[in-house]
Structures are given as structure tokens and as C-alpha cells.
Amino acid sequence: MLILGIETATQQVSVAIGGHEGVLGMFEVSRGRRHAETLVPAIEFLCRQADIEICEFGAIAVDIGPGLFTGMRVGLAAGKAIAQALRVPMIGISSLDLLAFPLRHADRTIAAVIDARKGELFYAFYRPVPGGVQRVTDPQVSSVDDLVADLMARGQNVVCVGDGALRYRDEISSGTMCDFAEQFLSHPSAAPLVQLAHARALREDWVNPRDIQPMYLRAPDAQINWATRAAGRAGGAT
Amino acid sequence: MTADEPLTVTDSTLVLGIETSCDETAAALVMGGYDVVASAVSTQIDLHAQFGGVVPEIASRAHLDLLNPMVARVIVEAGITDDRIDAVACTVGPGLIGALLVGVSAAKALALTWDVPFVGINHMEAHLYAAFLEDPTLEFPMVVLLVSGGHTMLIEMQDHGRYRLLGQTIDDAAGEAFDKVARFLGLDYPGGPAIDREAVHGDPEAINFPRSMLHEGLDFSFSGLKTSVMNYVRKHPDVSTADVAASFQAAVVDVLVTKARRAAEQAGARGLVLGGGVAANSLLRERFLSVCTDAGIQGFLPSRAMCTDNAAMIAAVGWHRLRSDGPTALDAGAYPNLRLQFM
Ligand SMILES: [Zn+2]
């Protein structure tokens with residue numbers, strides 16, 4: 001079965017096509033235009049270059065976060081639309097799982113850390129197991145200090161991965177014995193996404209596009225001020 | 001039909017419209033630019049009511065949940081299969097950026113999957129077209145009074161795609177004034193319908209609130225009116241809320257219909273059309289029609305459902321834009337401050 005993977009939970013846009021042979025093609029860019037502008041043309045380009053018709057996909061895999069809400073929803077909205085139009089199921093995988101999975105050959109604990117902005121981080125700990133990684137803590141949103149305290153409490157050598165780890169590298173390394181994964185691994189990628197999704201597809205462990213839910217971890221900021229509201233309602237009804 | 005060859009836009013061209021710019025998630029199928037085959041709107045008012053306004057993040061989250069069911073519903077209601085859809089039109093602005101992006105991403109993905117053209121639509125232009133969906137015989141030139149939470153504009157439509165801005169608010173939009181005054185009076189959100197309901201029990205002549213700029217030009221100002229309502233209530237704490245609501249509403253409506261009539265007369269318009277969310281206000285609807293009759297101008301009042309945000313108007317403009325300008329590239333984004341192009 002061919003799977004289309006869509007990943008937009010951080011500043012990177014990543015699209016991959018995978019099947020039982022593994023990853024067949026990938027497009028990835030982490031600067032330049034915004035997610036919504038890049039994503040659909042990227043899917044179109046990748047399909048054309050890989051000589052695959054969109055109707056050949058048997059499932060659509062998406063990164064469900066945690067991550068930056070607006071970007072994450074661009075991928076989810078596009079993925080849900082394609083799945084609905086093709087009448088195929090979806091597979092949702094966490095951005096933190098996607099960061100940890102490429103480090104499965106590490107011989108120690110992995111901290112997957114995504115920059116949540118506003119001085120906070122989304123993170124979870126993983127341990128390598130045969131064939132993959134196993135998440136050992138629930139994904140959470142916390143301050144940098146909380147992560148550092150968490151790492152110190154573990155008292156062991158941990159490898160940190162993700163744009164959050166990179167951004168707060170100095171704070172993290174000052175009190176801990178952490179190593180840091182390569183920079184090019186610091187955004188979740190659609191390559192592990194289609195790989196992990198394929199394994200799930202074999203077990204038919206998937207969801208209806210209507211039911212897939214993003215992992216926000218943060219309640220919506222419900223502050224209203226008249227200035228942003230007026231802009232927001234620029235097209236709005238009353 | 002594929003996106004690679006130009007689409008010949010005809011009376012049977014079926015456009016799927018998608019709208020997610022603010023707090024309504026909507027989809028619709030419109031044939032030939034006028035014929036609404038199916039239309040579905042899911043309003044999020046209840047989600048935002050407790051906050052007294054639209055919370056952008058809550059709106060975006062709701063759009064993501066609601067959009068697929070809306071699209072599925074109109075396809076089922078129309079009794080068609082997906083392959084009958086010739087194009088996908090979606091609001092690209094103005095509106096809330098996060099909310100717009102949900103619709104734009106989904107619409108472009110649908111267009112790519114179905115291999116049909118995508119058309120990015122200006123939400124304000126769609127409001128101008130709402131009237132055509134109910135009366136395709138409307139003739140140019142016509143003047144549209146567009147009143148919503150974000151806009152108060154008088155626009156002359158000379159032809160499809162040819163618009164002239166005759167006047168607009170220099171401060172608050174009319175809908176914004178309704179919301180702010182309702183909030184001040186302790187009435188429900190949204191303020192338009194709340195004041196409309198409250199005003200029924202009040203005397204519109206109880207308080208003579210100012211009619212700003214009534215005799216000058218075609219621009220509007222509602223900020224002074226809002227302030228004088230607040231000052232009045234502070235000075236007269238025992239005043240009946242219903243009287244304040246009725247008198248405030250009467251002042252707003254007076255200004256709107258007086259200027260709309262002046263605009264229509266100055267432009268030599270064949271018709272005067274009301275549009276936008278505030279066009280659902282009962283007093284405005286009533287006064288609008290009587291002013292048109294007095295002035296001997298053909299007045300057109302779209303139904304309340306067509307005045308508020310919906311996707312049928314998006315699909316309708318989609319048909320016209322596709323015919324005149326062709327598809328929009330798939331690398332289009334969302335443009336929260338998109339403006340209408342005037343001549
Ligand atoms: Zn609107």
C-alpha cells in the first residue's frame with residue numbers, strides 16, 4: 001500500500017511517499033514560504049516526480065503534533081481533505097515520536113523536544129527498543145527550567161533532539177550531561193512518518209479522517225482584545 | 001475535466017465553495033454561478049459567546065473539525081458524485097489567518113486530489129454577490145450597502161468584477177458598534193441580534209442619539225455614537241435598556257439608509273442591495289425597503305441566510321472569477337487583510 005505522509009508541525013514542511021519498500025520520495029524545506037503556500041504544490045511535485053497518481057494512495061499519514069498550531073492545522077486540513085476525497089483512512093503520529101524514531105539505535109534515553117514558543121517546550125522521553133523507540137513519559141508542555149530539572153533528575157546521559165533542544169542548547173547543557181542530535185534531525189520528518197504509518201497500516205490501525213484529532217496540549221488562548229477582534233472579523237458576520 | 005486543460009466555464013459548471021474566514025464553517029455547491037444546489041453552514045457562535053467575541057484559536061480548531069462534514073454534507077445533499085465537481089473555490093481573505101488557512105489548505109488539497117481548478121476568493125466580493133444568488137435578474141449598475149462586524153461600505157457594482165468604493169466607515173464598523181454597545185448594556189453576544197431583540201420592547205425615539213455625518217458625504221462614523229450611548233447610560237443609570245437599545249439602533253439604521261439612498265441616487269443606480277451580517281437586523285431591513293420605495297429605486301434584500309457568512313456566495317464568485325481570470329495557483333496562501341480591488 002502506498003502512503004502519503006504530511007508533516008507541518010514545526011517550521012518545516014515535509015512530505016513523503018512510502019510503501020512496503022520503504023520511503024520512495026521526500027520533499028522537505030524549513031525556510032522560505034509559509035506552510036499553506038508550500039504544502040499542496042510540494043505534494044503535487046513529489047507525486048509527479050515519483051510518477052504516482054494521488055488516487056494510488058491507500059492511506060494518508062499526518063503529524064498530529066504537538067507543534068505550532070497554525071502550521072499543524074495546515075497539514076491536518078490538507079491530509080483530511082485528501083483522505084476524504086479518496087475515501088481512504090488516516091494514520092496520525094505524534095511529532096515527538098517522529099523526532100525520537102531516527103535515534104532508535106542510540107543506546108540511551110532520548111528526549112524529543114519541540115519549541116512551543118512563549119518560552120515553553122513540548123517534550124517526551126523515549127527509550128530504544130528492538131525495531132523502534134518506546135515513549136516512557138506523556139507528551140507535555142513545560143518551561144525550559146522544567147525540562148532541565150527533569151533531565152537532571154534522570155541523572156543519566158540523555159540525547160536531546162528537536163528544534164526546542166537546539167534553541168535552548170546552552171540552558172540544557174549547563175546543568176546536564178546531555179548530547180544533542182544532528183541539526184538535520186531537529187524537525188520531525190515525513191520519512192519516519194510514512195515508515196511508522198506503514199507498520200500501522202499493516203495492522204489496519206487507522207482512523208476515519210473525520211475522527212483524527214490534533215494533540216494541542218495547550219488550551220486556546222481566549223484573550224479577546226478589540227483590536228485583533230476587529231481585524232479578525234474583517235469578513236465576519238454579525 | 002482536469003486542471004491541466006483550461007476549463008470552459010458554462011451554465012452547468014459546478015463549483016464547490018468553502019468558507020472559513022471567521023466563525024462560520026461552510027460549504028456549498030453552486031451551478032452556473034447562480035443556482036445553489038446545496039449549502040451547509042455550521043456556526044460557532046455558541047463556542048465564542050462566553051468570551052464576548054470570536055476567539056481566533058477556538059475558531060481555527062472548530063473549522064478543522066467541522067469542514068470535512070460540511071463538504072460531505074453538500075455532496076450528499078446534492079446527490080452527486082465527487083467527479084461532477086468542476087472547481088473548488090475558497091475564501092483566501094480577509095479574515096482570521098488561522099481560520100482562513102484551514103479552508104485554503106483543505107480546498108487546495110481537494111482541487112489537487114480531484115484534479116480540478118482552485119479559485120481563491122475575496123470574502124468581501126462574495127458578499128457583493130450574495131444578492132445575485134436569489135435574484136439573478138439584478139441589473140448593473142447597482143449600489144450595495146455592505147454592513148458587517150468588520151465593514152461598513154457603500155460600493156457601486158458597475159459590472160462583474162468592476163467596483164467603485166463610494167463610502168466607508170472612518171472608525172468602527174456598524175456591526176462592531178452593535179457588539180460594543182450590547183456588551184456595554186450587558187446584552188448577549190453577538191450584539192446585533194441581541195440589540196435587535198431588546199429594541200422590540202423599547203421606544204426608538206426615547207433618546208435622540210447623534211447621527212454622525214448624516215448630511216455630509218457617503219462615509220460613516222459610529223465611534224461617536226457608541227461613546228454617547230455610554231455617556232448617556234452613565235448619566236442616567238436608571239434608563240430602560242430597551243429604550244437605549246431601540247434608540248441606538250434607530251440612530252445606526254437612520255444613518256445607514258440615508259446614505260445608501262444618497263449613494264444610489266448619486267450613482268444613478270438601477271438597484272440598491274443590502275448585504276453583510278448586519279443586514280439581518282429587522283429595523284434595517286424594514287427601513288431599507290421603505291427608503292427604496294420612497295426613492296423609486298429597486299431595492300433588494302437577500303434572505304438572512306444569504307446576508308450572513310455562507311459558502312454559496314463564495315462558490316458563486318468562484319464561477320465568475322474562473323470565467324474571467326482562470327484558476328488560482330496552488331501556491332496561494334491566506335491573506336488576512338485582503339482588500340477589494342476598486343477602480
Ligand atoms: Zn462576512
Side-chain angles (χ1 to χ4, degrees), chain A residues 4 6 8 33-45 47 53-55 57 60 69-88 208-214 216 218-226 228-238, chain B residues 21-24 51-58 60-61 64 67-69 71-72 82 91 93-98 101-110 112-114 123-124 148-151 173 175-176 178-180 190-192 276-278 280 307-309 330-334 336-337:
Chain A
L4 172 66
I6 296 173
T8 56
R33 309 189 71 194
R34 300 176 55 127
H35 294 101
E37 292 154 0
T38 309
L39 178 62
V40 172
I43 297 170
E44 186 181 35
F45 173 79
C47 289
E53 299 273 346
I54 291 199
C55 60
F57 293 119
I60 310 297
F69 299 160
T70 301
M72 204 159 97
R73 272 190 294 262
V74 164
L76 274 156
K80 285 171 65 151
I82 296 170
Q84 179 176 10
L86 295 178
R87 293 184 170 74
V88 299
N208 186 298
R210 235 172 308 155
D211 301 325
I212 195 154
Q213 281 300 325
Y216 288 114
R218 241 191 215 150
D221 186 353
Q223 290 298 318
I224 306 257
N225 72 54
W226 291 103
T228 58
R229 183 164 171 243
R233 294 189 67 83
T238 295
Chain B
S21 66
C22 192
D23 58 350
E24 260 100 20
F51 304 104
V54 178
V55 180
E57 178 59 23
I58 293 177
S60 304
R61 290 184 183 189
L64 185 65
L67 185 54
N68 290 52
V71 171
D82 297 357
T91 302
L96 296 164
I97 179 72
L101 282 171
V102 172
V104 171
S105 303
K108 293 198 299 183
L110 288 173
L112 177 70
T113 309
W114 288 330
H123 181 91
M124 301 314 294
S148 74
H151 292 274
E176 200 180 345
F178 270 99
D179 279 348
K180 287 179 178 175
V278 179
C307 290
T308 49
D309 287 354
L330 287 179
D331 63 357
N337 302 311

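Just so it is clear, the model here is predicted, and its values are computed rather than measured. Order of the sequence lines sets the chain letters (A, B, ...), proteins ahead of strands, with each chain counted from 1.
- If you tally non-hydrogen atom pairs under 4.5 Å between each of A/Thr70, A/Asp211, A/Ile82 and chain B, the highest count goes to A/Ile82.
- Side-chain atoms of B/Val104 and B/Lys108, non-hydrogen and from C-beta on, do get closer than 4.5 Å to each other.
- When heavy atoms are compared at a cutoff of 4.5 Å, B/Ala173 does not approach chain A at all.
- Contact of A/Ala219 with chain B is made through the backbone alone, with heavy-atom distances under 4.5 Å.
- Options A/Phe69, A/Phe57, A/Tyr216 differ in how many heavy-atom pairs under 4.5 Å they form with chain B, and the most are formed by A/Tyr216.
- For chain B, the nearby part of A/Gln213 is the side chain; its heavy atoms alone come within less than 4.5 Å.
- Looking at B/Ile58, both its backbone and its side chain come within 4.5 Å of chain A, counting heavy atoms on both sides.
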Legend entry - Derivation and outcome, side chain to side chain contact (heavy atoms under 4.5 Å, CB included), residues B/Leu101 and A/Arg34: CA-CA 11 Å; B/Leu101 282 171; A/Arg34 300 176 55 127; 3.9 Å; yes
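- Contact check on A/Arg73 versus B/Glu57 returns a salt bridge, with a Lys/Arg side-chain nitrogen under 4.0 Å from an Asp/Glu carboxylate oxygen.
- Heavy-atom distances place both the backbone and the side chain of B/Val102 under 4.5 Å from chain A.
- At a 4.5 Å heavy-atom cutoff, the contact between B/Asn68 and chain A is made by backbone and side-chain atoms alike.
- Using a cut-off of 4.0 Å between Lys/Arg side-chain N and Asp/Glu carboxylate O, A/Arg87 and B/Asp82 are scored as salt-bridged.
- Between the side chain of B/Thr91 and the backbone N or O of B/Gly93, no donor-acceptor pair lies under 3.5 Å.
- Among pairs with a residue in residues 77-86 of chain A, none fulfils salt bridge (charged side-chain N to carboxylate O under 4.0 Å, His left out), at least two apart in sequence or across chains.
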